[in-house]
2 protein chains.
Amino acid sequence: MSLRYGLLGLLAEGPASGYDLTRRFEEVLGPVWPAQHPKIYAELGRLTADGLIEVDSYGPRGRKAYRITEDGLAAVRTWLAEDEVDHTMRLEPLLRSFFFWLMTPEQLSDHLVREQEFFASMARRYQSYAERKDRGEFGHSPRTQSMRVAIEAGVRMYEALAGWAEWARTVPPAKP
Amino acid sequence: MSLRYGLLGLLAEGPASGYDLTRRFEEVLGPVWPAQHPKIYAELGRLTADGLIEVDSYGPRGRKAYRITEDGLAAVRTWLAEDEVDHTMRLEPLLRSFFFWLMTPEQLSDHLVREQEFFASMARRYQSYAERKDRGEFGHSPRTQSMRVAIEAGVRMYEALAGWAEWARTVPPAKP
DNA sequence: AGGGGACATGTACTTAGGAACATGAGGAGC
DNA sequence: GCTCCTCATGTTCCTAAGTACATGTCCCCT
């Protein structure tokens with residue numbers, strides 16, 4: 001259901017094609033909600049059938065841009081304001097951490113170094129996005145303001161994970 | 001695939017039934033990897049067919065406890081050491097944050113207060129687990145040592161999210 | 001003795017997600 | 001004129017996840 005509202009939310013910014021939405025999903029929403037083009041095209045079909053979006057224009061190469069309808073806008077707003085938030089976070093790195101005791105100290109150490117580097121680099125990436133926004137590169141619309149809030153979450157989450165990986169390296173392996 | 005290794009990892013601690021594993025998944029691994037009993041029983045069947053686990057004992061009420069085999073143990077270890085980590089985090093609260101600009105200031109404020117409370121309460125829950133572990137309540141086996149590391153991740157993640165929600169409340173709504 | 005709750009396993013069905021396959025138009029550079 | 005890349009949409013198929021249905025046992029409390 002989240003994909004549906006993700007698409008509606010993006011279309012609330014303005015008309016876009018399935019191709020545009022696919023790219024926006026992989027660039028922007030990818031880390032928190034991956035979606036491949038087959039799912040997106042299928043969902044666009046269902047959204048059209050439900051009257052939440054409609055075709056806005058046809059372009060070259062069979063391009064079809066969609067526009068959100070009044071009903072569609074109302075649907076996202078209801079979702080945001082009334083639907084219960086699903087708080088489950090599906091995070092493989094944390095699932096793995098429950099089983100660290102099955103790794104040799106060397107394997108674990110290597111793993112944690114790599115993880116720390118990955119999380120730190122992600123944190124830096126989001127940090128630089130945040131700085132560009134704060135310098136005004138993306139303008140000051142409400143939409144980009146929300147993007148700034150989302151980016152801040154990315155910075156904080158990845159910094160927390162990087163810090164965790166670093167801390168985990170200092171935990172001595174237990175001797176049973 | 002993660003469910004498979006999650007089950008193997010839990011069975012590496014000792015024999016357990018499908019029912020035991022279902023409860024452990026919802027109590028311990030639930031927040032990072034939800035799994036319902038139908039998936040678990042089905043996967044246990046597949047793991048048995050693949051020779052990675054075997055029936056350890058039969059108990060009352062049709063209870064069947066499984067034991068991990070040498071092959072199974074080798075399979076988890078290979079996964080941990082060699083399989084690439086999937087870093088995608090599917091997190092609805094962050095997906096929603098991209099669309100905060102579609103909410104009224106009142107709705108957003110309410111939402112962020114509730115989210116902050118939720119994340120803070122989760123952080124406290126994991127914090128108290130951590131303290132119990134540090135007091136020695138769960139012993140000092142390598143297994144519980146890993147649990148301690150996983151719990152620390154929970155504390156840090158939820159604290160980061162609570163801090164984020166609090167910070168987000170201070171971001172003034174943009175006037176376009 | 002009876003009832004309720006936790007224990008225990010499974011099937012059936014639906015939806016979500018992801019990989020592979022299939023096709024073709026338009027534009028830039030050689 | 002040809003080639004290659006990006007744009008662009010879609011189908012097919014398989015696996016993962018989740019909901020609902022179905023069934024029965026053991027134990028504790030009243």
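Here is how names work: the chains are called A, B, and so on, in the same order as the sequence lines, proteins then strands, and each is numbered from 1.
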Of the listed nucleotides dA20(C), dA12(C), dA8(D), the one nearest the side chain of Pro38(A) |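 Between dA20(C), dA12(C), dA8(D), the one nearest the side chain of Pro38(A) would be dA20(C).
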Which part of the nucleic acid does [X] contact within heavy-atom distance under 4.0 Å: base, sugar-phosphate only, or nothing?
{"X": "Pro34(A)", "answer": "sugar-phosphate"}
{"X": "Thr22(B)", "answer": "nothing"}
{"X": "Arg90(B)", "answer": "sugar-phosphate"}
{"X": "Arg23(A)", "answer": "sugar-phosphate"}

[atom1] of [X] versus [atom2] of [N]: gap in Å, rounded?
{"X": "Lys39(A)", "N": "dG17(C)", "atom1": "NZ", "atom2": "P", "answer": "5 Å"}
{"X": "Asp20(B)", "N": "dA8(C)", "atom1": "CG", "atom2": "P", "answer": "6 Å"}
{"X": "Arg4(B)", "N": "dT15(D)", "atom1": "CZ", "atom2": "P", "answer": "12 Å"}
{"X": "His37(B)", "N": "dG18(D)", "atom1": "NE2", "atom2": "C1'", "answer": "11 Å"}
{"X": "Arg61(B)", "N": "dG10(C)", "atom1": "CZ", "atom2": "P", "answer": "15 Å"}
{"X": "Gln36(B)", "N": "dA12(C)", "atom1": "CD", "atom2": "C1'", "answer": "15 Å"}
{"X": "Glu92(B)", "N": "dG18(D)", "atom1": "CD", "atom2": "C1'", "answer": "15 Å"}
{"X": "Trp33(B)", "N": "dA16(D)", "atom1": "CH2", "atom2": "P", "answer": "11 Å"}

How about Thr69(B) and Glu54(B): does a side-chain donor come under 3.5 Å of a side-chain acceptor?
->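 No, Glu54(B) and Thr69(B) have no side-chain donor paired with an acceptor closer than 3.5 Å.
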dT9(D) phosphate, OP1 or OP2: any side-chain N/O from Tyr41(A) under 4.0 angstrom?
-> yes
Under-4.0 Å side-chain N/O to phosphate OP1/OP2 contact, Tyr19(B) with dC7(C) | yes
Under 3.5 Å: donor-acceptor pair, side chain of [X], backbone of [Y]:
{"X": "Asp86(A)", "Y": "Thr88(A)", "value": "yes"}
{"X": "Ser17(B)", "Y": "Asp20(B)", "value": "yes"}
{"X": "Arg77(A)", "Y": "Leu102(B)", "value": "yes"}

Most 5' of Pro60(A) and Ala35(A) on DNA chain C, judged by nearest nucleotide = Ala35(A)
Would you call the rings of Phe100(A) and His111(A) parallel, tilted or perpendicular if under 30° counts as parallel and over 60° as perpendicular?
-> perpendicular
